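Encoded as structure tokens, the structure appears first; notes follow it.
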Amino acid sequence: MQNGAIAAQFEELAELLEIQGANPFRVRAYRNAARAILDSTESIAAAADSIAKLREFPGIGEDLAKKIQVLVQTGSIPQLAELREQVPAGVVAMLRVPGLGPKKVFALFQEHGIRSLDELRLAAEQNRIAGIKGFGKKTQDAILKGLEVAESAGRRVYLSEAKQVAEQIAEDLRSVPGVAQLEVAGSCRRRKETCGDLDLLAEASQPDAIMDRLAGHRLVEAIIARGDTKMSVRLFKGLQLDLRVVPAESFGAALQYFTGSKEHNVVLRRRAQDMDLKLNEWGLFRGEQMVAGRTEQEVYAALGLPVFPPEIRENRTEFALAEQGPLPRLVELDDIRGDLHMHTTASDGSASILEMAEAAKSRGREYIAITDHSKRVSMANGLDAPRLLAHWKAIDEAQKSIKGIRILKGIECDILEDATLDLPDDVLEQADWVIAVLHYGLQQPREQIMKRLMCAITNPHVDIIGHPTGRLVDRRKPADIDFDVFLDACAKHRVMVEINANPARLDLDDIHAAAAKKRGIPIVISTDAHGFADMDLMQFGVFQARRAGLTRDDIANTLPVDAFLERLRQAKG
DNA sequence: GCCGTTTTCGGCCCGACTGTTTTCAGTCG
């Protein structure tokens, strides 16, 4: 059983307990455990043979360790099954309606027998909600509006989209008179894979002016709330944006606070408490006296901490890192010298070899690899051996006509469902760079998936495994990979792993990239560009690498081309 | 339900906004 599946059960348990009005700290304990399990690079199921081993995970004590054992052995938790009997799934779904929390949902269910989103809509339409104690006309209207949000699945948007929208609105609001500072905060600033909402923070002399501008912004569809310092609006697709306005002396504290994560902030708060201080979005206080708040740097320094890059503010490893000394310098976009995964018109790309090379050069890349699809991907016009050999000749020709960038002859070679490669060894050995990937049969059982990966890793001509899991963020599940075995094999056979920078892939994810680093496996960040514009996606791969805590030394395509090729030769030797 | 070099009991981060309230609970982040 995978960590994600175990965590999901505890998360569901937390929701069900919360609806039933359980002790909030008990609910939190389940949530904390779910998160710790999700964040761990180690397999919980593998540790389930021993209570002591399980208890080493943060937030897992005697009781939860036992529940995990039962879950791994039998596939279910009896308590969860019992709770599901008591509270229908439709009731849990009602939690996704903005404005409805566990207390209101429980009241609707228990006292008025409303058991699903459909029944909730009917009740609201028939004006049956407004009379209920604790509910009124406004709540009823809010429910009708909120149902759309809940049913549009409360979907998170990709970081690429969130970042673009947030930065656009931020830019528009910066021109409002009296706005001294304005920053994007929240999960967007932390560069999470997806954002559930957007957070903007402003220092402004006239809050009303900036709120008026936001209210009239072309991207704003509705106003959810507006107070003296805080305003919430709804954008397209139900996406919410929160704007906070604070004075200059609080800007740093507020930026820190609204960047989060929540878990990171909880640790800071406790640390402040231990120092007889109090931290909130207005500043760091000793009694009534403000100690810090103007800048993030000031706040962290007063707590005896470095300014953590936003990408690692997740209460995973950052506090332990800070204990060990200065924080490592995380990889940056400017460190990237090569882009080793891209397509041309030979398969499903939209530009020629030379056009791609020119575009890469203009973005400061010193080398690229042209890696069109192999024949199995027939929909993408994948290349068979004769076409590939001809394509490589064309690459040699293109190289002659462009200076200042090195073009490597590569291939994105499919690992077929029967655990063989899509091209023969005598072809692959002529390549400068071979990416092996799973495209089809991602739902095969773990055994077969691992057989396929091992076939690629042990092939002497394969340099790297591209987008290893095949997952699409929020859309397609990853292949069932035993990561311990997979990464150990990559390390042993000196095969690199990719962080695919496409915002829909971001594969490997941060957790597994960190696990690869731990084993010393070189990681390559690639755009998988199918046209020029895609080359700008490199930043999203870099964000993912930063979230994994990776430095320049962990990323092979930060090397100059000769050093990179030398490393490749050594790996093959 | 977890956790502990002040503690094995009694804590567990903190504030803004809304609605239905006559002084605050619920929700949200």
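Just so it is clear, the structure is predicted and the values come from calculations on it, not from any experiment.
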Heavy atoms only, 4.0 Å cut-off, all strands: where does [X] land among base, sugar-phosphate and nothing?
X	answer
A:Lys133	nothing
A:Lys66	nothing
A:Gly186	nothing
A:Leu268	nothing
A:Asp242	sugar-phosphate
A:Asp228	sugar-phosphate
A:Pro24	nothing
A:Ser232	nothing

Identify which nucleotide among [options] has an atom closest to any side-chain atom of [X], counting heavy atoms from C-beta outward.
X	options	value
A:Arg28	B:dG1, B:dC12, B:dT18	B:dC12
A:Ala29	B:dG1, B:dT20, B:dG29	B:dG1
A:Tyr30	B:dG1, B:dC14, B:dG26	B:dG1
A:Asp197	B:dG29, B:dC14, B:dC2	B:dG29
A:Lys104	B:dG1, B:dG26, B:dG15	B:dG26

For [N] and [M], measure between their [atom1] atoms and round to the nearest Å.
N	M	atom1	result
B:dT18	B:dT23	C1'	15 Å
B:dG15	B:dT20	P	26 Å
B:dT22	B:dG26	P	13 Å
B:dC14	B:dT21	P	31 Å
B:dT7	B:dC2	C1'	14 Å
B:dC3	B:dT8	C1'	9 Å
B:dA16	B:dG11	C1'	25 Å

> Does a donor on one side chain and an acceptor on the other come within less than 3.5 Å for A:Thr469 and A:Asp507?
Replying inline: yes

> Just one of A:Glu318, A:Glu311, A:Glu193 clears the salt bridge (charged side-chain N to carboxylate O under 4.0 Å, His left out) bar with A:Arg547, so which one?
Replying inline: A:Glu193

Roughly how many Å is it from [atom1] in [X] to [atom2] in [N], rounded to a whole number?
X	N	atom1	atom2	value
A:Ile143	B:dT27	CD1	P	11 Å
A:Arg35	B:dG1	CZ	C1'	18 Å
A:Ile129	B:dG19	CD1	P	16 Å
A:Leu16	B:dG1	CG	P	14 Å
A:Arg31	B:dC12	CZ	P	19 Å
A:Lys137	B:dT21	NZ	C1'	19 Å

Is any side-chain N or O of [X] closer than 4.0 Å to OP1 or OP2 of [N]?
X	N	value
A:Lys230	B:dG29	no
A:Gln240	B:dG29	yes
A:Thr139	B:dT18	no
A:Lys262	B:dC28	no
A:Trp282	B:dA16	yes
A:Gln140	B:dG19	no

> Across all strands shown, which nucleotide pairs with B:dG10 by Watson-Crick or G-U wobble geometry, both distances under 3.5 Å?
Replying inline: B:dC3

> Should the pair A:Glu281-A:Arg244 be classified as a salt bridge under the 4.0 Å nitrogen-to-oxygen rule?
Replying inline: yes

>> Closer than 4.0 angstrom, basic N to acidic O: yes or no for A:Arg189 and A:Glu296?
In response: yes

>> Go nucleotide by nucleotide along DNA chain B from the 5' end; which of A:Val97 and A:Val266 gets its closest nucleotide reached first?
In response: A:Val266

>> Both A:Leu279 and A:Leu95 contact DNA chain B. Taking the nearest nucleotide for each, which residue is further toward the 5' end?
In response: A:Leu279

> Taking it one step at a time, do A:Asp242 and A:Lys230 satisfy salt bridge (charged side-chain N to carboxylate O under 4.0 Å, His left out)?
Replying inline: CA-CA 7 Å; A:Asp242 296 328; A:Lys230 179 181 170 181; 5.6 Å; no

>> Just to verify, which of A:Gln544, A:Arg546, A:Arg316, A:Arg191 counts as forming a side chain to side chain donor-acceptor pair (under 3.5 Å) with A:Asp510?
In response: A:Arg316

> Knowing that exactly one of A:Lys67, A:Met1, A:Glu11 qualifies, which makes a side chain to side chain contact (heavy atoms under 4.5 Å, CB included) with A:Ile6?
Replying inline: A:Met1

> Quick one: the side chain of A:Tyr257 and the base of B:dG15, do they pair up donor-acceptor inside 3.5 Å?
Replying inline: no

> Is any N or O donor-acceptor pair between the side chain of A:Asp199 and the base of B:dG29 shorter than 3.5 Å?
Replying inline: no

>> Using the ring centroid of each side chain, check whether A:His264 and A:Phe308 are separated by less than 6.0 Å.
In response: yes

